[in-house]
Amino acid sequence: MTVKTVAVIGAGVSGLGAIKSCLEEGLEPTCFEKSSDIGGLWRYQEIPEIGSPGIYKSLTCNTSKEMTAFSDYPIPDHYPNYMHNSKMMEYLRMYARHFGLRKHIQFLSKVCSVRRRPDFASSGQWDVVVEAEGKQSTYIFDGVMVCSGHYTEKYLPLQDFAGIEKFRGSYLHSWEYKNPDNFTGKRVVVVGIGNSGADVAGEISRVAEQVFLSTRRGAWIWNRVWDNGAPMDATLFTRYNRTIQKFSPTFLINRWAENKLNARFNHANYGLQPEHRLLSHQYTLSDDLPIRIISGRLLVKPNVKEFTETAAIFEDGSEENVDAVVFATGYYTFSFPFLDDDSAILDSQNSMFKFVFPPRLEKPTLAFIGILQPMGAIIPTSELQSRWAVRVFMGLKKLPSESDMVSAIHKRRKKMETEFVKSPRGSLRVQYIDYMDEIASELGVKPNLLSLLLWDTKLAKEIFYGPCTPYQFRLQGPGKWAGARAAILTQRARILKPLRTRVLTPSGSPASAPLGVKGACAALFLLVLVLVVMQTL
């Protein structure tokens, strides 16, 4: 078969995985990156470019390294479990170098338009117009993978804050925030309690006279360091836990998790108690917020009702003099300025089959990669999407009919409306393990636990009880990696390696045992029981 050409838009984490997936299957990718380097969101810039992600200097990953890694390239064992943005960039550069990805990237190249060719119904090809060095060029591609992300166009709803035009102080979006230096000795309001809002408010409170964190609905606050000092996601995101959740009523899961979080600090006492239950909305991850509140450096306030020339008036009637405002109000969910206003590509609700394929195109040669909100790491999620998309491009995997895809989209949307609080990102939210398995099943790489139980019990137990790491999806099928088994069986050692920087004499204490160890007999019995049940679903 003639090698097909694929345009990859963006060289962030999703774009790098897309390039690699194309190369794996013998396709010829060309990645267009409008900046001068790889990394996307993770590339820190003192002055961010309009239309590009903007991060603050202290930004650290919310997902741990074993859960975050590309599926066939583990992060070095000595790297910290939660990596600073500079460490993440080091890892991305190593990945790109190892697989020879940079030679397929055209930097300082802005994609201006992506249009179906006149003969698209038969060819499935695209005209892609790219601007570089002040000149526009048109390319023809057999497929397009949109990896431009959704943290580029800041959402700044000034119209919702009466009096902001009269405010004499300064205000900015968290996209522009880099470090707290400009807020030393000032009184600052941070609007929004997502991950960025919590991070920025906590950091500024170390140098400001006073910080007020304004929240409309409150939030459940999770922390990176979980029981016994283990990474939160590596502890909770296991197939064992997910199986228990599936067979447990939602209200019991909510009660357990909320009690667990309130045991760390009572959310009601700290003014953070949200109106929603824990599973109904995106959580906020912050290790720092409770100590900033209990020390008085940060005061939690309700939504801002209006601004005066020198103060913020909150909905509870309180008024505080302030010098500056940081709007941590997020980003527009979708922004694809290079796409035509074509309902066959994206309708008014931006419908995509499994968040990847527009259902109404005559040919499935356009894929959106990483345009979702997983309750977990984006790298392995988007990488799996790319692996599936490439196989579809090549005709090795078939999509359902248009009507079946549209029906599936509506069914998912209806389910999400009943489970989650309505929000801009709520429609993109997916449960990590469930979604990974869903795409892996389409691709044919979902691990077969029953087979593994019979032939490799040690590996089966680690896959079931251990962290659901991306290496699991390289054990079989297309893209099988010979190092997957070893990566899975050594993942706990890589979690512990960067922590044990002070050598201790072995004491035999329970704390030195592997994370999540269970009795062998009970584990094997429960594993067999659950596997039998799962096979019948």
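We're numbering straight along the sequence, starting at 1.
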If you take all heavy atoms of [X] and [Y], which pair is closest and at what distance?
X      : Y      : result
Ser21  : Ser386 : OG-CB, 3.5 Å
Ile439 : Leu384 : CG2-O, 3.7 Å
Ile369 : Ala389 : CD1-CB, 4.3 Å
Glu33  : Ala11  : OE1-N, 2.8 Å
Arg115 : Ser113 : NH1-OG, 3.2 Å
Leu156 : Thr329 : CA-OG1, 4.1 Å

Basic-acidic side-chain contact under 4.0 Å: [X], [Y]:
X      : Y      : value
Glu24  : Arg474 : yes
Asp434 : Lys246 : yes
Asp37  : Arg102 : yes
Glu438 : Arg412 : yes
Arg391 : Glu442 : no
Lys20  : Glu383 : no
Lys178 : Glu46  : no
Lys497 : Asp77  : yes

Once the angle between the rings of [X] and [Y] is folded into 0 to 90°, is it parallel (under 30°), tilted (30 to 60°) or perpendicular (over 60°)?
X      : Y      : value
Trp222 : Trp226 : parallel
Phe70  : Tyr95  : parallel
Trp388 : Phe357 : perpendicular

Nearest 0.5 Å, what's the [atom1]-[atom2] distance between [X] and [Y]?
X      : Y      : atom1 : atom2 : result
Leu489 : Leu459 : CG    : CG    : 5.5 Å
Trp481 : Leu475 : CH2   : CG    : 10.0 Å
Leu172 : Tyr177 : CG    : OH    : 9.5 Å
Leu108 : Gln106 : CG    : CD    : 10.5 Å
Met67  : Asn81  : CE    : CG    : 12.0 Å
Arg117 : Ile140 : CZ    : CD1   : 3.5 Å

Find out whether [X] and [Y] are in side-chain contact, i.e. whether some heavy atom of one side chain is under 4.5 Å from a heavy atom of the other.
X      : Y      : result
Leu450 : Asn448 : yes
Phe336 : Ile9   : no
Ser441 : Lys446 : yes
Ile433 : Gln431 : yes
Asn85  : Met89  : no
Pro447 : Arg239 : yes
Thr30  : Val128 : no
Phe393 : Pro364 : no

Give a yes or no answer on whether the side chain of [X] reaches the backbone of [Y] with a donor-acceptor pair at less than 3.5 Å.
X      : Y      : answer
Gln45  : Gly54  : no
His173 : Tyr155 : yes
Asp233 : Ser64  : yes
Asp142 : Thr5   : yes
Ser109 : Phe32  : no
Glu66  : Arg492 : no
Ser14  : Ser382 : no
Tyr82  : Arg224 : yes
Gln136 : Thr138 : no
Tyr435 : Lys354 : yes

If we check side-chain contact (heavy atoms from CB on, under 4.5 Å) with Phe338, which of these qualifies: Val146, Val130, Val144?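 Single side-chain contact (heavy atoms from CB on, under 4.5 Å) partner of Phe338 among Val146, Val130, Val144: Val146.
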Does a sphere of radius 6.0 Å around CZ in Arg242 hold more than 12 heavy atoms from other residues, nucleotides or ligands, not counting ones at 6.0 Å or beyond?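 More than 12 heavy atoms, drawn from other residues, nucleotides or ligands, come within 6.0 Å of this atom.
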Lys87 atom NZ, neighbour heavy-atom count above 12 within 6.0 Å: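 More than 12 within 6.0 Å, yes.
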Check against side-chain contact (heavy atoms from CB on, under 4.5 Å), Lys4 and Thr365: CA-CA 11 Å; Lys4 292 185 177 180; Thr365 56; over 6 Å; no
Tyr79: which of Glu90, Arg494, Lys65 passes side-chain hydrogen bond (donor to acceptor under 3.5 Å, both in side chains):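 Between Tyr79 and the candidates, side-chain hydrogen bond (donor to acceptor under 3.5 Å, both in side chains) is satisfied uniquely by Glu90.
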Could you walk me through whether Gln476 and Ser451 pass the side-chain contact (heavy atoms from CB on, under 4.5 Å) check? CA-CA 11 Å; Gln476 63 186 53; Ser451 175; over 6 Å; no
Side chains of Ser401 and Asp404: do they bring a donor and an acceptor to under 3.5 Å?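 Distance-only check passes for Ser401 and Asp404.
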Would you check if there is a donor-acceptor pair between the side chains of Arg413 and Ser351 at a distance under 3.5 Å?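 Indeed, the side chains of Ser351 and Arg413 share at least one donor-acceptor pair under 3.5 Å.
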Show the numbers, then the answer: is there a salt bridge (Lys or Arg N to Asp or Glu O under 4.0 Å) between Arg206 and Asp288? CA-CA 11 Å; Arg206 296 178 181 277; Asp288 198 35; 2.9 Å; yes
Check the pair Asn241 / Thr238 against side chain to side chain donor-acceptor pair (under 3.5 Å), numbers first and verdict last. CA-CA 5 Å; Asn241 286 338; Thr238 70; 3.3 Å; yes
Tell me, with the steps shown, if Phe464 and Leu449 meet side-chain contact (heavy atoms from CB on, under 4.5 Å). CA-CA 8 Å; Phe464 189 66; Leu449 285 175; 4.2 Å; yes
Pair Tyr139-Trp126, ring pair (Phe, Tyr, Trp, His ring centres under 6.0 Å): steps then yes or no: CA-CA 8 Å; Tyr139 301 82; Trp126 299 83; over 10 Å; no
Would Met83 and Ile75 satisfy side-chain contact (heavy atoms from CB on, under 4.5 Å), going step by step from the backbone distance to the final call? CA-CA 10 Å; Met83 297 183 293; Ile75 295 171; 3.4 Å; yes
Could you go step by step and tell me if Ser35 and Arg43 meet the side chain to side chain donor-acceptor pair (under 3.5 Å) rule? CA-CA 10 Å; Ser35 73; Arg43 187 166 67 93; 3.0 Å; yes
